[in-house]
Protein chains: 2
Amino acid sequence: MPDSLKSAANGALEPFDRFVETILSFDCDRATRDAFRRLAYRISAEPGESMRLDDSRDSIVFMASGAAKLVAHVSDDRQQVVAFHFAGDLVSVPQRNAHAYELCALTHSVALAFPAAAYMALADAEPALLRTMIDRTLLALNRSREKSVALGRKTAPERVTGFIASMADRIGTREGAGCTIRLPMSRRDIADSLGLTIETVSRQFTDLRGEGVIETSGRSAVRVPNLAALRARAAGPNGPAD
Amino acid sequence: MPDSLKSAANGALEPFDRFVETILSFDCDRATRDAFRRLAYRISAEPGESMRLDDSRDSIVFMASGAAKLVAHVSDDRQQVVAFHFAGDLVSVPQRNAHAYELCALTHSVALAFPAAAYMALADAEPALLRTMIDRTLLALNRSREKSVALGRKTAPERVTGFIASMADRIGTREGAGCTIRLPMSRRDIADSLGLTIETVSRQFTDLRGEGVIETSGRSAVRVPNLAALRARAAGPNGPAD
DNA sequence: CGCGCACTTGAACATGGTCAAAGGGCGTGG
DNA sequence: CCACGCCCTTTGACCATGTTCAAGTGCGCG
């Protein structure tokens with residue numbers, strides 16, 4: 001498949017153009033932009049495929065299109081999805097150390113990868129970009145903290161409800177008081193993200209369906225008739241924590 | 001207690017001097033340094049006390065001395081310790097939103113707090129500082145991800161062993177192949193950090209003691225005769241994940 | 001020195017996991 | 001276009017890890 005066709009599917013934009021538009025959206029001088037272009041390498045991956053990164057050093061990955069999961073491998077039969085990422089996201093993937101991290105495509109994805117050290121060296125010349133990096137890293141940190149709270153202190157029903165609410169915010173399409181979501185990840189991915197098993201996730205979906213909080217059609221489509229009702233359930237039986 | 005005495009206990013260094021030494025350790029011009037000094041407000045807290053931050057906006061807190069826990073409150077009877085922080089750490093504390101976050105002293109602590117937005121505005125003039133901020137935020141992100149892995153996919157024995165190994169690295173004093181740790185946090189704090197109950201944590205300590213992996217004296221002193229043996233246990237029965 | 005609170009220990013219980021099997025979406029090939 | 005079949009998902013029954021509830025122990029502060 002020629003690149004021209006692929007970029008047409010992505011809104012007629014080359015991955016690097018999308019990167020410039022999303023990340024270098026300040027007054028970035030031409031030389032710097034070209035330096036980033038030379039540093040970047042293009043990655044595309046099909047569903048289930050791992051994004052081939054240089055795992056001998058930290059990487060920074062810009063998701064030009066698609067959806068991916070960042071997975072930490074604990075042992076052969078245990079893995080934890082640390083985060084989900086979608087088009088426009090900037091993902092920091094650490095060099096393999098204590099746990100092996102892997103960025104794995106959920107749908108057909110195109111991304112740009114950079115060696116983190118060289119990327120940061122370039123960014124040093126552009127304070128505006130450094131600010132963007134901080135803001136995005138802080139966003140990732142806050143999401144990660146919220147995940148810790150869920151994994152450490154929430155029940156299975158709360159985790160699943162919270163997950164659906166979060167996906168509604170990130171990739172749902174609003175419809176009045178409700179929302180429709182096309183989930184790109186499998187029940188296993190959801191389970192590995194929430195620290196549960198596929199069976200438990202499935203049972204929670206069934207319960208939510210029974211209570212009319214969600215409707216499903218097929219494996220991936222979820223409709224939330226009333227977002228407020230969903231969020232109320234996600235906070236637990238006592239309501240919001242303040 | 002006059003400030004002069006307190007700073008003497010902290011190695012004869014005022015909190016702000018410690019901040020300059022640790023964070024503004026690049027060639028920072030005088031005007032900027034003074035601007036940071038005017039922006040900072042000094043906080044000191046005794047064990048169990050919450051650090052009084054302006055919770056209407058994000059804060060950046062520099063721990064000049066002591067130890068603290070960053071706690072997310074889920075409901076009255078459920079809380080999650082999101083991170084522990086020690087002298088020299090820079091903590092990003094979000095404005096209260098979904099969950100109420102609180103930075104709470106474990107030992108007598110002195111800190112400098114800044115409104116995050118104003119702090120970042122000042123930092124914009126100093127790329128070297130922005131880099132420091134990114135590096136430290138990434139460190140926090142990686143620690144948070146590792147916590148997610150532990151909370152989502154590790155057993156109680158693995159979590160407790162991993163916790164002790166982590167504390168050995170951060171605040172332990174090496175002694176040949178071993179290490180001695182003075183834990184500033186209670187069993188409850190450990191439990192709230194690991195997503196367990198105090199009883200489970202206590203039982204794990206008892207087991208580790210029985211197997212000779214740790215020795216304890218009093219409530220807070222832990223000696224690890226062999227750090228390698230501890231780390232081997234922390235990785236789980238299958239050994240490291242690669 | 002003695003009191004209180006943190007910690008430890010024990011026994012019953014529950015949430016979610018494991019094991020097993022049936023059902024159904026969705027891609028493939030006819 | 002429809003039928004087949006794989007594999008993801010759902011459902012059910014049993015089980016285990018960690019929680020809950022309850023009682024005892026001892027560290028450390030006043």
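Just the heavy atoms: all of them, side chains too, but no hydrogens, waters or symmetry mates, feed the values below. In the text below, chain A, chain B and the rest are named by the order of the sequence lines, each starting its count at 1.
- For the pair A:K154 NZ and D:dG18 P, the interatomic distance rounds to 22 Å; values are reported in whole Å.
- Taking the centre and axis of the six-membered ring of B:F205, the NZ or CZ atom of B:R187 falls inside the cone set by 45° and 6.0 Å.
- For the residue pair B:S148 / A:Q80, no side-chain donor-acceptor distance below 3.5 Å is found, with atom types taken as modelled.
- Atom-to-atom, CG of B:L183 to P of D:dG28 comes out at 13 Å; the value is rounded to the nearest Å.
- The separation between A:R203 atom CZ and D:dC14 atom P is 13 Å, rounded to whole Å.
- Applying the 3.5 Å distance criterion, the base of C:dC7 shares no donor-acceptor pair with the side chain of B:R187.
- Looking at heavy-atom distances under 4.0 Å, B:R209 makes contact with sugar-phosphate atoms alone, never a base.
- Distance A:E199 CD to C:dA20 P: 12 Å, rounded to the nearest Å.
- Contact annotation for B:L196: backbone-only contact, meaning every heavy-atom pair under 4.0 Å involves sugar-phosphate atoms and none involves a base.
- Remark: P of D:dC8 and CG of A:D189 are 11 Å apart, rounded to the nearest angstrom.
- To the nearest 0.5 Å, atom CG of residue B:L112 and atom CG of residue B:L90 are 10.0 Å apart.
- Take the nearest nucleotide of DNA chain C for B:T216 and for A:G218: the residue whose nucleotide is more 5' is B:T216.
- With the nearest nucleotide of DNA chain C identified for both A:S220 and A:A156, A:A156 has the one nearer the 5' end.
- Here C:dT9 presents its P atom at 14 Å from CD1 of B:I198, a figure rounded to the nearest Å.
- Taking atom CZ on B:R159 and atom C1' on D:dT19, their separation rounds to 13 Å, with Å as the unit.
- Between C:dC26, D:dA22, C:dG16, one nucleotide has an atom nearer to the side chain of A:P157 than all others, and that is C:dG16.
- At the heavy-atom level, B:T206 lies under 4.0 Å from the strands shown only through sugar-phosphate atoms.
- Using modelled atom types, one finds no donor on one side chain facing an acceptor on the other under 3.5 Å when comparing A:D169 with A:S166.
- The closest side-chain donor-acceptor pair between A:S220 and A:R182 falls under 3.5 angstrom.
- For A:T200, a side-chain nitrogen or oxygen approaches OP1 or OP2 of C:dG17 to under 4.0 Å.
- Rounding to whole angstrom units, CZ of residue B:R219 and C1' of C:dT8 are separated by 11 Å.
- Residues A:V201 and A:R153 both approach DNA chain D. Their nearest nucleotides, taken by heavy-atom distance, put A:V201 toward the 5′ side.
- The B:S202 side chain lies nearest to C:dT8 when the options are C:dT18, C:dT8, C:dG16.
- Phosphate contact (OP1/OP2 of C:dG16, side-chain N/O of A:T197, threshold under 4.0 Å): absent.
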